[in-house]
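Here the structure comes first, spelled out in structure tokens, and everything after it is commentary.
Keep in mind the model is a prediction, meaning the values are calculated, not measured. Quick note: residue numbers are just sequence positions, from 1.
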Amino acid sequence: MLIRRAVSADAEELCSLLNEIIVAGGTTALETPLSASEFADWFIDGEFPLVCHVAEQDRSLAGFQSLSLYGDPPKGYADIATFARIDPKLRGVGRALFPTTRAAAEEFGLDFINATIRADNVSGLAYYAKMGFEPYDRLVQVPLLGGTPVDRIKKRFRLGSTPRTAV
């Protein structure tokens, strides 16, 4: 699997991959499909993305992982988003992407990578735990578009050798 930085030309294929996940439901807080230009703005070259990497397998994009400053995170934090193609599913995409994302976060001088995961996203919670993210907060009863409340679990990954701080 080849890991490389995403470019604007990837937006259409990555948007299609993400929209399949959104339409399937149940794992992402995103509930409305994006256009390719919205995708590029949100994940590749807009105001808030720091970096986005793609996993390429057999000349097709199997997934992506981004770091962004959307929503004004605390100083020293950036948010991570990880998505892998659901059809055909390819195992290990997130695991392959994370070392490159982690290295980029360290180059940006970040202290933490934040992941906010729906509490009903069992595979997402397991993935971030395997990568070394630790829970530190919970957003309770955040309503989906249809009104159904779903908690969000906030996990963070500590970068470098910064001493642990209490939450």
Quiz item: Taking atom OH of Y70 as the centre, does the number of heavy atoms from other residues, nucleotides or ligands within less than 6.0 Å exceed 12?
Solution: no
Exercise. Drop me the distance from C52's SG to R5's CZ, to the nearest 0.5 angstrom.
Key: 9.0 Å
Exercise. Going by the ring-ring contact (aromatic ring centres under 6.0 Å, His included) test, name the single residue among Y77, F112, F98 that passes it with F157.
Key: F98
Quiz prompt | Lys/Arg-Asp/Glu bridge criterion (N-O < 4.0 Å) met for E134, K154 | solution = no
Quiz item: According to a 4.5 Å side-chain heavy-atom criterion applied to Ile, Leu, Val, Met, Phe, Trp and Tyr, with indirect links allowed, do F133 and L67 form part of one hydrophobic cluster?
Solution: yes
Quiz item: Are M131 and F83 linked, directly or through other ILVMFWY residues, by side chains that come within less than 4.5 angstrom of each other?
Solution: no
Quiz prompt | Between CZ on residue R102 and CD on residue E107, distance to nearest 0.5 Å | solution = 12.5 Å
Quiz item: Taking everything shown except R152 itself, do over 12 heavy atoms lie less than 6.0 Å from its CZ?
Solution: yes
Exercise. Please check if any side-chain donor atom of T116 sits under 3.5 Å from a side-chain acceptor atom of N114, or the reverse.
Key: yes
Practice problem: In sequence, state the C-alpha distance, the side-chain angles, and the governing distance for S66 and S68, and then conclude on side-chain hydrogen bond (donor to acceptor under 3.5 Å, both in side chains). | Solution: CA-CA 6 Å; S66 70; S68 84; 5.6 Å; no
Quiz item: Can you find a heavy atom in the side chain of H53 that is under 4.5 Å from one in the side chain of R4?
Solution: no
Quiz item: What closest approach, in Å, do G124 and I117 show between heavy atoms, and which atom pair accounts for it?
Solution: C-CG2, 4.1 Å
Practice problem: Could you please spell out the steps behind the side chain to side chain contact (heavy atoms under 4.5 Å, CB included) verdict for Q141 and V150? | Solution: CA-CA 5 Å; Q141 304 282 303; V150 178; over 6 Å; no
Self-check item: Least distance between heavy atoms, M1 atom then A96 atom
Solution: SD-CB, 3.9 Å
Quiz item: So, the side chain of K155 versus the backbone of L125: is there a donor-acceptor pair under 3.5 Å, distance only?
Solution: yes
Practice problem: Measure the spacing between CG of L61 and CZ of R85 and express it to the nearest 0.5 Å. | Solution: 7.0 Å
Quiz item: Do D151 side-chain atoms and A119 backbone N/O form a donor-acceptor pair below 3.5 Å?
Solution: no
Quiz item: What salt bridge (charged side-chain N to carboxylate O under 4.0 Å, His left out) pairs are there with at least one residue in residues 68-81, not counting sequence neighbours?
Solution: none
Practice problem: To the nearest 0.5 Å, tell me how far E106 CD sits from L159 CG. | Solution: 5.0 Å
Quiz item: Which distance, rounded to the nearest 0.5 Å, do you find between the OG1 of T101 and the CZ of F64?
Solution: 11.0 Å
Quiz item: Going from CG on L69 to CG on L110, what distance comes out if it is rounded to the nearest 0.5 angstrom?
Solution: 7.5 Å
Self-check item: Y127 side chain vs G94 backbone, donor-acceptor pair below 3.5 Å
Solution: yes
Less than 3.5 Å apart, which donor and acceptor atoms pair up between the side chains of residues 14-32 and the rest of the protein, not counting sequence neighbours?
unit_1 : atom_1 : unit_2 : atom_2 : d
N19    : OD1    : L34    : N      : 2.8
N19    : ND2    : C15    : O      : 3.4
N19    : ND2    : L34    : O      : 2.8
T28    : OG1    : L30    : N      : 3.1
E31    : OE1    : L145   : N      : 3.1
E31    : OE2    : L145   : N      : 2.9

Exercise. For residues I44 and S8, report the shortest heavy-atom separation together with the two atoms involved.
Key: CG2-N, 4.1 Å
Practice problem: Establish whether V7 and L50 are linked, either directly or via other cluster members, by ILVMFWY side-chain heavy-atom contacts under 4.5 Å. | Solution: no
Exercise. Compare all side-chain heavy atoms of D111 with those of R158 and state whether any distance is below 4.5 angstrom.
Key: no
Quiz item: Is it the case that one hydrophobic cluster holds both V51 and W42, taking links as side-chain heavy atoms less than 4.5 Å apart, direct or via other members?
Solution: no
Exercise. Show the numbers, then the answer: is there a side chain to side chain contact (heavy atoms under 4.5 Å, CB included) between V122 and D120?
Key: CA-CA 6 Å; V122 175; D120 58 350; over 6 Å; no
Quiz prompt | Members besides V142 in its Ile/Leu/Val/Met/Phe/Trp/Tyr cluster (side-chain heavy atoms under 4.5 Å) | solution = L139
Quiz prompt | Closest heavy-atom pair and its distance - A55, L97 | solution = N-CD2, 3.8 Å
Exercise. Please check if the side chain of E56 supplies one atom and the backbone of I3 the other of a donor-acceptor pair under 3.5 Å.
Key: no
Practice problem: List the steps, then state whether ring-ring contact (aromatic ring centres under 6.0 Å, His included) holds for F43 with F48. | Solution: CA-CA 8 Å; F43 294 102; F48 299 107; over 10 Å; no
Self-check item: Test log, rule side-chain hydrogen bond (donor to acceptor under 3.5 Å, both in side chains), inputs N121 and S123
Solution: CA-CA 6 Å; N121 181 353; S123 63; 3.3 Å; yes
